[in-house]
Amino acid sequence: WSPDEVTVIFVLGGPGAGKGTQCTKLVSDYGFKHLSAGDLLREEQDRPGSEFGEMIKTYIKEGTIVPMEVTIQLLENAMKKAMETENKSLFLIDGFPRKLDQAHAFERSVVPSKFTLFFDASEEVMLKRLLHRGETSGRADDNIESIKKRFKTFVDTSMPVVNEFESQGRVVKIDAVQEPDKVYQDVQEKIKAWGV
Ligand code: UP5
Ligand code: MG
């Protein structure tokens, strides 16, 4: 795919930073197609007959990163479908890439991203949000043990991705500790500079 046909914006940030919340707002104002890698993996996990179900379940509970072949395939399928059935060409890819090998493989084999929106919040804030959400979310990883593992994976494995993009001048960093509407205001102001 060429960047003339499709625009991809990566959306990164720690667990509970508010990626999904902000993507929903962007979808209603800009007509992006929102693809959450985590949501796609959870769907695949629950799909009857999936050969990856058990594996995905284990990785998510342990807060580790599912092998990239699976995630990239799910993303590519979802992108194709959105292009063909909804005529979409603007994608917000949420929660991916979370590891350098994924970043390199996706940008080489699918399409280079335009930039990355990075939502920055402290672990203290994210922990509070996730425990609160865990009261009703039913997510297998919204418990203190899994959350701690997710934080560790984020620092050790996913921050290097943000740092590499940052060194290339391709990161839009947003203070995600403010209330959701304030965060969104910041997002809108900062993405203007990228012609969005
Ligand atoms: N909330 C949001 N914004 C707020 C604000 N500004 N002020 C106060 N509250 C705010 O928000 C989380 C909660 O906080 C919600 O209750 C919200 O109302 C509130 P949300 O928008 O859901 O945050 P988000 O950043 O999307 O958090 P999420 O838990 O989805 O992040 P994760 O990155 O942990 O989860 P994801 O689904 O992306 O991944 C889950 C797992 O899948 C990973 O741990 C990994 O095991 C696996 N995975 C892969 O292996 N590979 C991938 O490529 C992707 C995922
Ligand atoms: Mg999310």
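Model, not experiment: these values are computed from the prediction. Ligands are counted one by one from 1 in listed order, and the atoms in each one are counted from 1 as well.
If you look at K19 next to ligand 1, the close heavy atoms, those under 4.0 Å, come from the backbone and the side chain alike.
Checking only distances, E179 never comes within under 3.5 Å of ligand 1, N or O to N or O. At a 3.5 angstrom cut-off on N or O pairs, R150 counts as close to ligand 1. Considering backbone and side-chain atoms alike, G18 places an N or O below 3.5 Å from some N or O of ligand 1. Here's the thing with G20: one of its N/O atoms is less than 3.5 angstrom from an N/O atom of ligand 1. For the pair D94 and ligand 1, the shortest N or O to N or O distance does not fall below 3.5 Å. In terms of N/O distances under 3.5 Å, ligand 1 is not approached by D142. At a 3.5 angstrom cut-off on N or O pairs, R133 counts as close to ligand 1. Looking at ligand 1, you won't find any N or O of P15 less than 3.5 Å from one of its N or O atoms. The shortest N or O to N or O distance between G16 and ligand 1 is below 3.5 Å. Taking distance alone, with nitrogen or oxygen atoms compared against 3.5 Å, V66 approaches ligand 1 more closely than that limit.
The closest non-hydrogen atom to atom 46 (O) of ligand 1, taken over T64, I65, L40, comes from T64. Comparing heavy-atom distances from atom 7 (N) of ligand 1 across K99, R129, R42, Q45 singles out R129 as nearest.
Considering only residues two or more places apart in sequence or on other chains, N87 meets the side chain to side chain donor-acceptor pair (under 3.5 Å) condition with none of them. Taking P160 as the reference, L100 meet the side chain to side chain contact (heavy atoms under 4.5 Å, CB included) condition, with sequence neighbours excluded.
Judged by the shortest distance from any of its heavy atoms, C23 lies outside the 4.0 Å radius around the atoms of ligand 1. Residue contacts with ligand 1 leave out K182, since none of its heavy atoms falls under 4.0 Å from the ligand. At a 4.0 Å cut-off, not a single heavy atom of E62 sits close enough to ligand 1 to count as contact.
Remark: E43 CD to I56 CD1 distance equals 10.5 Å, nearest 0.5 Å. Note: L130 CG to F151 CZ = 5.5 Å, rounded to the nearest 0.5 Å.
Here the protein heavy atom with the shortest distance to atom 43 (C) of ligand 1 is R98 NH2, 3.8 Å. Of the protein's non-hydrogen atoms, Q178 O, 2.9 Å is the one closest to atom 6 (N) of ligand 1.
When only modelled atom types and interatomic distance are considered, D181 and Q185 share no side-chain donor-acceptor pair under 3.5 Å.
For F165 and F118, the ring centers sit 6.0 Å or farther from each other.
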